[in-house]
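A short worksheet on the structure shown next.
In the text below, chain A, chain B and the rest are named by the order of the sequence lines, each starting its count at 1. All of these numbers come straight from a predicted model, not from anything done at the bench.
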Protein chains: 2
Amino acid sequence: MATIGDVARKAGVSRSTVSYALSGKRSISAETRERIHEAIIELGFTPNAGARALATSQTMVIGLFVNFFADEFSPAMLQYVLPISDVAREAGYDILMVTETDGPQALRRIASSDMVDGIVLLNVAHNDARIPVLRQARQPGSMVGLPSNTDGVDVFDLDFEESARILVEHLRVRGHRSIILVTPQQHVFERGGAYAWRFRDAALERASRYGIQMFSYAGETRQPAVNRQLNEILDARPEATAMIVHNDAAIAALPSVLHDRGIGVPDDLSVVGIFSEEFGRLFSLPYTAVETSPDELGRSAVQALVRRMVDPAGAGEYAVRFVEPRITDRGSTR
Amino acid sequence: MATIGDVARKAGVSRSTVSYALSGKRSISAETRERIHEAIIELGFTPNAGARALATSQTMVIGLFVNFFADEFSPAMLQYVLPISDVAREAGYDILMVTETDGPQALRRIASSDMVDGIVLLNVAHNDARIPVLRQARQPGSMVGLPSNTDGVDVFDLDFEESARILVEHLRVRGHRSIILVTPQQHVFERGGAYAWRFRDAALERASRYGIQMFSYAGETRQPAVNRQLNEILDARPEATAMIVHNDAAIAALPSVLHDRGIGVPDDLSVVGIFSEEFGRLFSLPYTAVETSPDELGRSAVQALVRRMVDPAGAGEYAVRFVEPRITDRGSTR
DNA sequence: TTAAGTTGTCGAACCGGTTCGATAGTGAGG
DNA sequence: CCTCACTATCGAACCGGTTCGACAACTTAA
């Protein structure tokens with residue numbers, strides 16, 4: 001493989017001149033520049049990334065740390081990853097994707113060996129063990145999901161409290177007084193997925209304020225348990241006139257369950273959910289829902305990160321930004 | 001950040017001694033090793049990845065090139081990516097995931113700047129423009145999907161011809177003489193996704209050999225077109241007693257479409273498909289199907305690649321390996 | 001005519017590791 | 001006691017870039 005030295009020799013200049021011709025950081029005469037470019041083309045020269053990283057202390061790579069839980073409903077994850085990858089590339093960065101089970105250790109390994117210039121965390125839990133590691137790291141960090149301590153990092157998340165209020169309100173004004181709530185899986189609570197209780201607690205609070213009965217269930221994860229559970233719930237709560245579903249697996253399974261039971265939406269039951277537009281299309285979900293905006297969250301996280309990587313000093317205070325929930329009315333309530 | 005020089009100074013030895021203590025490539029006295037390790041711990045030293053890459057010409061990173069088509073049914077992709085990431089890590093490699101639209105250019109950029117030691121291609125098309133670039137690269141390459149020219153690369157794919165024969169045969173022995181075939185989307189054919197016509201052509205061939213009527217349709221991609229099309233097909237071919245679906249979006253939508261039409265499986269219609277076990281569970285698909293084994297394919301691709309990276313000479317001939325299709329009988333035929 | 005830029009280029013140092021060759025010290029074998 | 005082999009360590013070179021300081025040649029201003 002051709003090195004900058006080969007180019008220099010072929011063009012009859014010094015290595016530094018080639019470097020300056022490439023970076024434009026010092027002026028180079030037009031003819032020299034021309035000769036250098038010819039040599040580069042002829043030799044097919046591309047700067048070696050490792051050498052450049054060593055010299056500049058910049059890798060132009062972003063570390064993306066994703067938790068994949070085997071027992072979780074995974075297709076939604078991709079909706080975060082792809083926009084992140086796209087935005088990063090637009091800014092000139094590549095993505096090192098890390099999916100190790102032991103997140104903190106992986107993060108330590110990658111960060112301390114200086115493989116990346118910045119770090120994006122997905123799936124952040126309330127007391128996420130990756131956060132202290134991230135805070136120790138030299139690289140700036142940005143994340144999707146709300147941790148308990150947000151010092152020194154940029155945080156992006158949906159406003160789940162407000163989402164819950166919007167949905168309860170949507171049903172309340174239509175006269176519903178008895179509502180089933182399906183929350184995320186039990187282990188999401190256990191693992192500290194704050195969005196789970198932020199949504200649930202706000203929904204319960206809002207319901208109790210208006211004297212609305214609310215039956216809360218932690219959803220199942222996998223088939224066939226999901227279907228079975230939905231049926232059990234519907235059996236147990238015949239008085240409920242509406243359902244709020246904050247659970248991807250459950251809402252994906254709901255159409256067939258309701259269909260099997262002969263329950264019409266919205267005639268027999270009003271249904272609202274919280275999922276992304278893309279997810280809804282994938283599963284053909286006909287339900288009014290709050291949009292979770294995974295692409296906006298992913299994009300924002302990377303953009304904030306890039307700002308800090310480019311200008312570590314001038315990027316301003318660290319911030320927590322909540323995306324405002326928007327409701328999409330698909331006519332599944334009345 | 002601490003460098004190997006800092007460690008050396010603190011331990012009172014030379015830099016090379018620290019390096020040898022770490023790599024074990026030369027013998028080091030127990031006490032020196034002890035002092036070095038203490039210094040490493042105290043300083044929190046981790047070797048700089050760029051410097052190491054420069055010195056060893058090894059990055060310990062694998063480039064994973066994925067094509068995401070906006071109009072495609074995406075959740076299946078993750079089933080390849082995760083096992084690949086897992087296997088790579090077990091072998092000590094991290095994953096640089098590249099999702100750029102312009103695959104060939106991205107590949108050239110990454111490969112020629114020596115950011116990775118090896119390359120995995122997903123979604124490989126018949127005349128995939130990434131293949132010639134890969135062949136020029138210094139790094140060995142491995143892929144999932146069958147290209148027209150397999151020189152100099154390792155190829156892994158499901159045996160789609162055999163899969164089609166198995167499914168047709170499964171229906172034939174049960175007496176079906178009129179079968180609907182739903183193939184991948186039209187643009188998969190156009191883009192050269194060989195698996196699409198390999199499956200279709202083998203199915204048609206096998207059907208015609210036995211005088212079975214087969215109605216072939218290229219499926220739609222997104223809702224609500226998918227549902228509409230399925231209904232149209234069923235309207236148009238009332239004489240069909242069975243259906244073979246080689247299309248993720250279509251088979252995911254099929255249960256609700258059949259349910260709406262009051263068509264019972266297998267009483268009114270026999271249905272078989274070709275999808276992964278994981279995909280089937282995700283969408284609660286009750287259909288007999290050939291398993292597509294994305295994890296086995298992903299794992300194999302990485303394993304072959306690792307073998308070549310570790311020992312570029314002794315990894316043997318380049319090979320095309322087809323995974324043998326296994327049928328999972330879920331009782332959706334008779 | 002000289003002092004003070006400006007432009008274009010070079011050489012050397014540096015980034016942080018790895019690895020080769022040399023060497024001092026130690027123990028065994030003759 | 002001498003030689004030989006082996007162990008433990010060091011210094012220097014190298015990987016392939018970037019960047020700083022110096023400097024020659026050429027302008028421009030005084």
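- Contact footprint of chain B on DNA chain D: nucleotides with an atom under 4.0 Å from a non-hydrogen protein atom, first to last in 5' to 3' order, dT7(D) to dG16(D).
- Two residues are said to be in side-chain contact when any heavy atoms from C-beta on lie closer than 4.5 Å; Leu96(A) and Thr59(A) fail this criterion.
- Note on Thr46(B): only backbone sugar-phosphate atoms sit closer than 4.0 angstrom, heavy atoms only; bases stay farther off.
- In this structure, the helix from dT1(C)-dA30(D) to dG30(C)-dC1(D) shows an angle of 50° between the axis at its start and the axis at its end, each fitted on 5 base pairs and rounded to 10°.
- Under a 3.5 Å cut-off, the side chain of Arg26(B) and the backbone N or O of Tyr20(B) do not form any donor-acceptor pair.
- With Asp94(B) contributing its side chain and Val61(B) its backbone, the two residues share no donor-acceptor pair below 3.5 Å.
- Using a 4.0 Å heavy-atom distance criterion, Thr3(B) is classed as a sugar-phosphate-only contact.
- Checked by atom type, the side-chain pair Arg191(B)/Asn67(B) shows no donor-acceptor distance below 3.5 Å.
- At distances below 3.5 Å, at least one donor-acceptor pair connects side-chain atoms of Arg135(A) with backbone N or O atoms of Asp151(A).
- Residues Asn123(A) and Met77(A) form a side-chain contact, since some pair of their non-hydrogen atoms from C-beta on lies under 4.5 Å apart.
- Counting non-hydrogen atoms under 4.0 angstrom, Ser19(A) reaches a base of the nucleic acid.
- For the pair Thr56(B) and Val18(A), nearest-nucleotide mapping onto DNA chain D gives the more 5' position to Thr56(B).
- Each of Leu122(B), Asp86(B), Ile95(B) was evaluated against Val81(B); a single residue qualifies, Leu122(B), per the side chain to side chain contact (heavy atoms under 4.5 Å, CB included) test.
- As rounded to whole Å, 14 Å separates atom P of dG11(C) from atom CZ of Arg26(A).
- Within 4.0 Å of Ser23(A), counting heavy atoms only, lies no atom of the nucleic acid at all.
- Counting heavy atoms from C-beta outward, Leu158(B) and Val323(B) have side chains that approach closer than 4.5 Å.
- When heavy atoms are screened at a 4.0 angstrom cut-off, Ser57(A) is found touching no nucleic acid atom at all.
- For the pair Thr292(B) (side chain) and Ser276(B) (backbone), a donor-acceptor distance under 3.5 Å is present.
- Whole-Å rounding puts the Lys25(B) NZ to dG21(C) P distance at 15 Å.
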